[in-house]
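Model, not experiment: these values are computed from the prediction. Just so it is clear, the values below take in all heavy atoms, side chains as well, and ignore hydrogens, waters and symmetry mates.
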Amino acid sequence: MPPTAQTAFYKGFALLGGAQYPILGWNFNADPQRNLPAPLGNWGQYNWSEGFIRPFINLNLLVRDWDTAQASVLSSTFLDPFFTRSADAAHDTTAITNGLVLWNGRAGWTCAGVKPEAFTISGGKGEPVTMSASFCAAEVTRLLVAPSLTAWSATAPVTFKGVNFTNELADRVQRFNLSYSNNHTPDMTLNGKYGPAAWNAGMWTSGLQVTVQEADADALAGYFSTDGTTMVGGLNDVTDVSLVINGQNAHAAALTLALNNLLVQNPNSNATQQPRLLRDISLTVRPATGQGCPLTKTSSTF
């Protein structure tokens, strides 16, 4: 019997809301929590039934520069659903029209009732700008025929050269990780289906981790006075810092994310190592007074 032919991973792709975004891979889980009782008098686990399914998808994204024909993960189209909430009492996110389609090169899945859960953006000098995004879904069906795929362009990835922070963090950060989450929970209303009736957004949360030189650390992280009663310096309640990501091609695209209100979580943490003294600072990104979302997409021309 001849060996089974391999599946060509490079023929895999994802469609979000009908748009094709550049991805490096994904992690998809929609396994049922199967019911397998062990009743007295049975000598084996014969009885079983399907259980609850919590479809969850994490996409490892390629952060690519602006392109005339291809969707960008730094665009308003991609990012706005993460930040947008309804104006009614539910204050909920909105399911993405046309959902999420995953194709691995041989087979795939169609996900409906998809909502944007979380994303992270990371980078540093000499490192690529990386981004991942996760989504929750209410229903999943198997897909055996590949949807239409358009050819990718050769547009270059965004590099660390175009990344910086503004004001207090300008020209001070060596590497960073910015995270954001909508903290959805499943609606467990009985509706004749294995998955949740829907996913509903919780409180917005966001965090920022930065690595800086020890010479800058006291000013950024803060420190207690010699009598231990007063916090001196630090980025607590700072409201004017933004993350700026600039493209490098002729379009000169740019994304600006405002970190609305910062709070240092580890002002006294320190680690000494050779050959260069650095410090990792963890911050909670909070909403501005009277608002809810800790991040504001000030602008995007990607």
Is there side-chain contact between Phe9 and Thr7, with at least one heavy-atom pair below 4.5 Å?
no
- Task: Report the C-alpha separation of Ser86 and His91 in whole Å, then their side-chain angles, then the decisive distance to 0.1 Å, and conclude whether the side chain to side chain donor-acceptor pair (under 3.5 Å) test is met.
- Result: CA-CA 5 Å; Ser86 61; His91 205 224; over 6 Å; no
Rounded to the nearest 0.5 angstrom, the CG-SG distance for Leu16 and Cys111 is 10.0 Å
The remaining residues in the hydrophobic cluster of Leu40, counting side-chain heavy-atom contacts under 4.5 Å among Ile, Leu, Val, Met, Phe, Trp and Tyr, are none
**Item:** Same apolar cluster (I L V M F W Y, side chains within < 4.5 Å links), Ile281/Phe165
**Value:** yes
Could you tell me if Thr284 and Gln265 have a donor-acceptor pair between their side chains, going purely by distance under 3.5 Å?
yes
Do the ring planes of Phe82 and Phe135 sit parallel (below 30°), tilted (30 to 60°) or perpendicular (above 60°)? tilted
- Message: Is any side-chain heavy atom of Leu295 closer than 4.5 Å to one of Leu259?
- Response: yes
Taking CZ in Arg142 as the centre, count heavy atoms belonging to other residues, nucleotides or ligands within less than 6.0 Å. Is the count above 12? yes
For Asp280, the side-chain contact (heavy atoms from CB on, under 4.5 Å) test, sequence neighbours excluded, returns Thr211
In short, ring-ring contact (aromatic ring centres under 6.0 Å, His included) pairs touching residues 235-265 with sequence neighbours left out are Trp66-His251
Residue set satisfying side-chain contact (heavy atoms from CB on, under 4.5 Å) with Asp218, at least two apart, ordered chain then number -> Tyr223, Arg279
query = Is Arg85 paired with Asp92 through a side-chain N to carboxylate O contact shorter than 4.0 Å?
reply = no
Side-chain contact test, heavy atoms from C-beta onward, threshold under 4.5 Å: evaluate it for Leu262 versus Arg286 and give yes or no.
no
The complete set of ring-ring contact (aromatic ring centres under 6.0 Å, His included) pairs with one or both residues in residues 281-302, sequence neighbours excluded, reads none
Is there a side-chain contact between Thr205 and Tyr180 in this structure, where contact means two heavy atoms from C-beta onward sitting under 4.5 Å apart?
no
Are Ile121 and Val173 grouped together when hydrophobic residues (ILVMFWY) are joined by side-chain heavy atoms under 4.5 angstrom apart?
yes
Q: Starting from the C-alpha separation in whole Å, work towards a yes-or-no answer on side chain to side chain donor-acceptor pair (under 3.5 Å) for Ser75 and Ser300.
A: CA-CA 6 Å; Ser75 66; Ser300 176; over 6 Å; no
Close side-chain approach of Pro157 to Leu62, heavy-atom, < 4.5 Å: yes
Original post:
Can you list the steps and then say if Asn261 with Thr239 is a side chain to side chain donor-acceptor pair (under 3.5 Å)?
Top reply: CA-CA 5 Å; Asn261 198 331; Thr239 60; over 6 Å; no
Practice problem: Return yes if some donor-acceptor pair links the side-chain N/O of Trp204 with the main-chain N/O of Ser181 below 3.5 Å, else return no. | Solution: no
* Short side-chain to backbone donor-acceptor contact, Asn29 and Asp31, under 3.5 Å -> yes
Q.
I'd like to check Gln248 versus Thr159 (side-chain heavy atoms, cut-off strictly below 4.5 Å). Are they in contact?
A. yes
Per-pair distances, 0.1 Å, donor-acceptor, side chain in residues 46-58, under 3.5 Å, sequence neighbours excluded:
from, atom 1, to, atom 2, distance (Å)
Asn47, OD1, Asn42, ND2, 2.8
Glu50, OE1, Arg34, NE, 3.0
Glu50, OE2, Arg34, NH2, 3.2

